[in-house]
Each structure stands twice: as structure tokens, then as C-alpha cells.
Amino acid sequence: MRLFYSDQDRLQLPEGHRFPAAKYPRIWQTLAVEHPTLLEHAPRAEWDEVALAHDPLYLADLERGTLSTAAVRKLGFPWSESLVNRSLRSVGGTLAALKWALIHGAAGHMAGGTHHAFADRGEGYCVLNDIAVAIHVARRHYNVGRIAVIDLDVHQGDGTASMFRADPTVFTLSLHGAKNYPFRKEQSALDVPLDDQTSDDVYLAALDAALPAVAAHKPELLFYQAGVDALAGDRLGRLALTHTGLMKRDARVYALASTLRVPLVVTLGGGYHRNIEDSVVAHANVYRCLVQALG
Ligand SMILES: [Zn+2]
């Protein structure tokens, strides 16, 4: 098992920005205390790797800082060199986790899961779609055929869904708040919209009903976007899961990977709790459970 992280290329945001950039070091610092031997630095992704999933014009604007005002507004971050480097590092961590998982079975990346990034644009705090890039790398360089993405962030994985909508070899599952951002949803292979204030029991029943479709796809590789913004009290979520409910959710995904005997790559995702420490704990639990289940 390896858990990839980065303390280089931290995102520098203007004072007062709503994005909780401070949560990232607190997640890996927590895991570093418990599992110091499992942590490894994430490299930056190369532009030519990122270009496997993204439009060259978008990448050129991103690299040069020539994104339009509208594009920057949709993204939610002001352009900066630190944003570009951080975004490449964030893809690089998922690629490193992919390479580890393909050899050893499972790995986590304590960043990434930026599923609102489309081929030609960033949206909703997501600059580059790390899972989409990793899917292309897995196919091109590692000859992986069928792939599934289990996206349990409270927001629909719209970017990922749109990038693989026409590709029957990639199965995208998204459980999300029906009334949450993005307000115009894309079509995943399987979408499970959930009501506001959905509780643990209802959520886990919905997940149990959905996971057989992932198994039926017969994936050779699994990605798990493990956002924790379904936690009750999240500023940007509308569901009401508990920490225990989230851990049961994680355990189900890990059990599926184990049953299917396929490599598993786990990424971060959203977590915007009013008390950010609650998001940090929930994110850390994702990797604790991973080590326990598949380490
Ligand atoms: Zn989210």
C-alpha cells in the first residue's frame, strides 16, 4: 500500500477564499503519524500525460495564464503559477497511485478527485480531471481494458461522466445530492440522485443497489472518488451522513475491489464542513479504512 501526497506546490489563494486549501496538509499529516512508512511524495504530471484527456487549447490557456474571465469564474480559482503547478501535482499523485495499484493492488492519493473538470474547461474548483487522465494512461501505457469509476462525492461527477459518456469500456457511477451543484447534470453510466438530508441507512441501501452494476461491467481497474461532502453539516453538501456511515460506504467499495480482485485507486474529493476538522477526520478515515481493508 502507498498513500501519495504533496507538500510541494501548495495552492496559494487570496485571503478569504472559500476553498479549504488548509485541509490537505492536515489530512496527510494525520496519516503520516499513523502510517509513516506508507506515505510517498507525488510527482508532477507531464503536460503530454494531461493532454491525453484534455483539449490542447484549454491546456495552452492554462499554462500561459490566458484563460478568459468567464473561464476563471467557472473554475472558482484565480489563475496563478501555483495553481498550475498544484494541478499538475494533483494529477501526478493519482498517476503514481495508479502505477502502484497496477503492480501491488491498491493505492491512495490524498488529493485529486477533481471530477468537475471537463476536457476543455475547469469548473467548480477542478482544474484538471486526474481520474480521466489516469484512465487514459492506464489504457495507453498499461493495456488496461475495462475500467469503472465509483464517484461518491456529494456532487455529481459531471466532468468524468461527460468525458466517457460515449465510451462503453468506462463505467461511471455517481451517487450525489439531486439538488446539489452541478445544477445541469451530465449522464453517467449510472446516476443515483439522492434527496436532501439522506441518512446513512438510505444512502447505504442506494449504494448496495448500485454496486452490482459496477461488478457487472467486469472492470479490470477501479477508481474511487471518495469525497466526504455527504457528511452532515457540510457547507456544500445537502445530505446527512455520519462519520460511521461514510466509513461503511468506504468499506463497501473496498470489499467490492477485493471481491473483484482488481487494482483500486482511491482519490480525495470534496469536503467543506463548517468545522473543517470534521472533513479532515472524514478524509483521513477513507485512507485508514483503505489500509485496514487492502493494506
Ligand atoms: Zn463535492
Side-chain angles (χ1 to χ4, degrees), residues 11 13 17-24 26-27 74-77 86-87 90-91 93-94 108-118 121-132 149-163 172-186 188 190-198 200 203 206-207 210 223-243 245-247 249-250 253 265-287:
L11 185 54
L13 292 172
H17 194 283
R18 285 167 60 91
F19 187 77
K23 79 178 181 181
Y24 289 86
R26 287 164 72 182
I27 296 164
K74 277 200 157 183
L75 183 56
F77 290 134
R86 171 70 201 176
S87 303
S90 188
V91 175
T94 298
H109 176 209
M110 293 184 277
T114 42
H115 59 168
H116 301 309
F118 288 72
R121 64 189 186 278
E123 289 195 15
Y125 302 147
C126 298
V127 181
L128 299 169
N129 194 316
D130 56 311
I131 290 177
V149 182
I150 298 173
D151 188 327
L152 301 186
D153 191 280
V154 82
H155 306 101
Q156 194 208 26
D158 56 347
T160 319
S162 87
M163 288 159 104
T172 51
L173 165 65
S174 177
L175 267 73
H176 49 262
K179 292 185 182 162
N180 267 43
Y181 175 94
F183 302 110
R184 215 189 68 205
K185 308 279 192 288
E186 296 291 326
S188 310
L190 178 57
D191 283 302
V192 182
L194 299 162
D195 292 336
D196 285 2
Q197 298 305 315
T198 290
D200 289 347
Y203 187 95
L207 181 59
F223 288 90
Y224 175 30
Q225 201 276 22
V228 296
D229 39 13
L231 185 66
D234 192 280
R235 282 192 293 111
L236 303 182
R238 304 169 71 111
L239 305 194
L241 269 69
T242 66
H243 284 289
L246 285 173
M247 285 189 279
R249 169 198 82 157
D250 301 334
V253 175
V265 177
V266 180
T267 73
L268 210 76
Y272 315 92
H273 204 276
R274 289 185 189 93
N275 171 16
I276 199 61
E277 193 54 36
D278 265 300
S279 291
V280 170
V281 167
H283 283 305
N285 285 341
V286 166
Y287 301 96

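Heads up: numbering here begins at 1 and tracks the sequence. Counting convention: from 1, in listed order, for ligands and their atoms alike.
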| said: So that I can check it, does any N, O or S atom in H115 come closer than 2.8 Å to the Zn ion (ligand 1)? | reply: no

| request: For residues H109 and T94, report the shortest heavy-atom separation together with the two atoms involved. | output: ND1-OG1, 2.9 Å

| query | Do side-chain atoms of Q225 reach the backbone of G113 as a donor and acceptor pair under 3.5 angstrom? | reply | yes

By atom name, which N, O or S atom belonging to [X] lies closest to the Zn ion (ligand 1)?
X: D153; value: OD1
X: H155; value: ND1
X: D229; value: OD2

| message | Tell me whether D196 at atom CG has more than 12 heavy atoms from other residues, nucleotides or ligands lying less than 6.0 Å away. | response | yes

| task | List for me each residue that meets side-chain hydrogen bond (donor to acceptor under 3.5 Å, both in side chains) alongside Y287, sequence neighbours excluded, and say none if there are none. | result | none

